[in-house]
Trainee: 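Following this message is one structure expressed as structure tokens.
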Amino acid sequence: MQSSEKFAVIGDPISHSKSPQLHNEFGKEFKFKLSYEKVHTHSSELAARVDNLIELGYRGFNVTLPLKEAMYKIGVLRGYDLSERSIRAQSVNTVSIRKEKIFLDNTDGAGFIKSMNYPNGFNLHKKNLLIIGAGGAAKGIIGPILDVHPARIVISNRSLENIKILRERFNSPLLSFNLLNDLNSDSNLNDYENTGLFDVIVNATSSSVSMEDPLINPKYFRNAQLIVDLFYAKKLTSFLRVAKEYGCINVMDGFPMLVEQAAESFYVWTGLKPDTNRIISQRDIFFE
Ligand code: NDP
């Protein structure tokens, strides 16, 4: 009989995490015995926590805000095996431990691409994209989106600092960058109206956590075919609500991406592919 394998998610804050619920569902599907716990970990404790989880015989763990980039740096310093996708994002959300061999991966981008199955198998190929935000989530999804060959990606961020990092990291003629204030200025809106507005708009900022403001001039929503907010909650976010008011039919929050990136982590650890469709269609039980 298979003995129970130990997993965890580390981050700060961590109490809100749905990862234990998701991984327990995956385990049940395959009768794979596992425990999965939330371990609150402050940035200053990260290196010691990694050592501790290895020592305690954990099979793997997920890494969430704000530790993903720091986990990557620890991996580089210690010479752990790094997946191509973690190197590209320079951030890690999945750690696999097998007989003290440590493998670091990032499943966020794959999760985002797979989440495109939910608005009727939406294809990003040749689409004009606007990504708002240039933090960890944006860094994770840009590489896999470029692989699908969109027509172009405009990245708009509140401040210049993260734009500079992204510009250095991703060298593609399909990418252009601007400040959110400039995107929302009338002259820019006119420019975009002349060159064609966006087919897909992705809110990759953390603003939906607290803000009622739709973040961008709602005129941008007018012709879009798909609006995504990477944040997830029981209720529609104000960003998605305004998009709907402006006539967008396909709006999606980050729950499908959350489930898909978790399933991809589970696959990295176990080689098993959970039925994500079933879980996404039962989303209400995750918000009780
Ligand atoms: P980061 O802290 O790394 O980045 C935050 C980004 O949001 C930055 O670009 C920041 O801009 C911008 N921002 C924050 N507040 C505002 C505001 N009021 N107005 C405009 N821009 C703002 O966070 P992450 O990238 O890790 O996470 C972003 C979102 O994605 C979160 O909502 C998170 O929950 C979600 N997420 C969802 C996942 C999923 O599986 N569904 C996975 C990972 C993240 P600046 O650079 O100027 O500070």
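Order of listing sets the numbers, starting from 1, for every ligand and every atom in it. Because only heavy atoms are used, hydrogens play no part in the values below, and waters and symmetry mates are left out as well, while side chains stay in.
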Trainee: Charged N to carboxylate O under 4.0 angstrom, Asp147 versus Arg88?
Mentor: yes
Trainee: Just to be sure I read this right, does ligand 1 sit under 4.0 Å from the backbone of Pro66, its side chain, both, or neither, counting only heavy atoms?
Mentor: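 Neither part.
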Trainee: Any idea which atoms of ligand 1 are less than 4.0 Å away from a heavy-atom of Gly254?
Mentor: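 This gives 39 (C), 41 (N) as the contact atoms.
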Trainee: Is the distance between the ring centroids of Tyr267 and Phe26 under 6.0 Å?
Mentor: no
Trainee: Against heavy atoms of Phe231, which atoms of ligand 1 measure under 4.0 Å?
Mentor: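 Once the distances to Phe231 are compared, the set is 32 (O), 34 (O).
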Trainee: If you measure every N or O of Gly133 against every N or O of ligand 1, does any of those distances drop under 3.5 Å?
Mentor: no
Trainee: Under 4.0 Å from any heavy atom of Ser207, which atoms of ligand 1 are there?
Mentor: 16 (C), 17 (C), 18 (N)
Trainee: Assess the side chains of Asn62 and Ser19: does a donor N or O sit below 3.5 Å from an acceptor N or O?
Mentor: no
Trainee: Return yes or no for this condition: an N or O of Gly136 is under 3.5 Å from an N or O of ligand 1.
Mentor: yes
Trainee: Looking at ligand 1, does Gly111 have a heavy atom less than 4.0 Å from it?
Mentor: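 Gly111: no contact with ligand 1 (<4.0 Å).
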Trainee: When rounded to the nearest 0.5 angstrom, what distance separates OG1 in Thr276 from CE in Met257?
Mentor: 14.0 Å
Trainee: Check whether any N or O atom of Phe255, backbone or side chain, sits under 3.5 Å from an N or O atom of ligand 1, and answer yes or no.
Mentor: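 Between Phe255 and ligand 1, no N or O pair is found under 3.5 Å apart.
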Trainee: Closer than 4.0 Å to some heavy atom of Ser159 - which atoms of ligand 1 meet that?
Mentor: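 Near Ser159, meaning under 4.0 Å from one of its heavy atoms, ligand 1 has 45 (P), 46 (O), 47 (O).
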Trainee: Are Phe287 and Phe255 close enough that their ring centers fall under 6.0 Å?
Mentor: yes
Trainee: Answer side chain, backbone, both or neither: which part of Asn162 comes under 4.0 Å from ligand 1, heavy atoms only.
Mentor: side chain
Trainee: Where on Leu65 is there a heavy atom closer than 4.0 Å to ligand 1, on the side chain, on the backbone, on both, or on neither?
Mentor: side chain
Trainee: Show which atoms of ligand 1 fall inside a sub-4.0 Å distance from at least one heavy-atom site of Leu215.
Mentor: 19 (N), 20 (C)
Trainee: Classify the contact between Asn157 and ligand 1 as side chain, backbone, both or neither, using a heavy-atom distance cut-off of under 4.0 Å.
Mentor: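 Looking at Asn157 and ligand 1, just side chain atoms fall under 4.0 Å.
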Trainee: Is it true that Asp51 and Arg78 make a salt bridge, defined as a side-chain N closer than 4.0 Å to a carboxylate O?
Mentor: yes
Trainee: Should we count CG of Asn123 as having more than 12 external heavy atoms under 6.0 Å?
Mentor: yes
Trainee: What are the atoms of ligand 1, with element, lying closer than 4.0 Å to any heavy atom of Leu258?
Mentor: 40 (O), 41 (N)
Trainee: Could you tell me, atom by atom, which parts of ligand 1 come under 4.0 Å of a heavy atom of Ala134?
Mentor: 9 (O)
Trainee: Take atom CD1 in Ile249; do more than 12 heavy atoms of anything else shown fall under 6.0 Å from it?
Mentor: no
Trainee: Please confirm whether the backbone N or O of Asn93 pairs with a side-chain atom of Lys68, one donor and one acceptor, at under 3.5 Å?
Mentor: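 Between the backbone of Asn93 and the side chain of Lys68 there is no qualifying donor-acceptor contact (under 3.5 Å).
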Trainee: Compare Gln261, Met257, Lys18 and give the one whose heavy atom is closest to atom 42 (C) of ligand 1.
Mentor: Met257
Trainee: Between Lys139 (side chain only) and Ile165 (backbone N and O only), is there a donor and an acceptor less than 3.5 Å apart?
Mentor: no
Trainee: Atom CD1 in Ile14, atom CD1 in Ile10: separation rounded to 0.5 Å?
Mentor: 8.0 Å
Trainee: Just to be sure I read this right, does ligand 1 sit under 4.0 Å from the backbone of Tyr232, its side chain, both, or neither, counting only heavy atoms?
Mentor: side chain
Trainee: When you compare ligand 1 with Ser206, is there at least one nitrogen or oxygen pair between them that comes in under 3.5 angstrom?
Mentor: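 Yes; at least one N/O pair falls below 3.5 Å.
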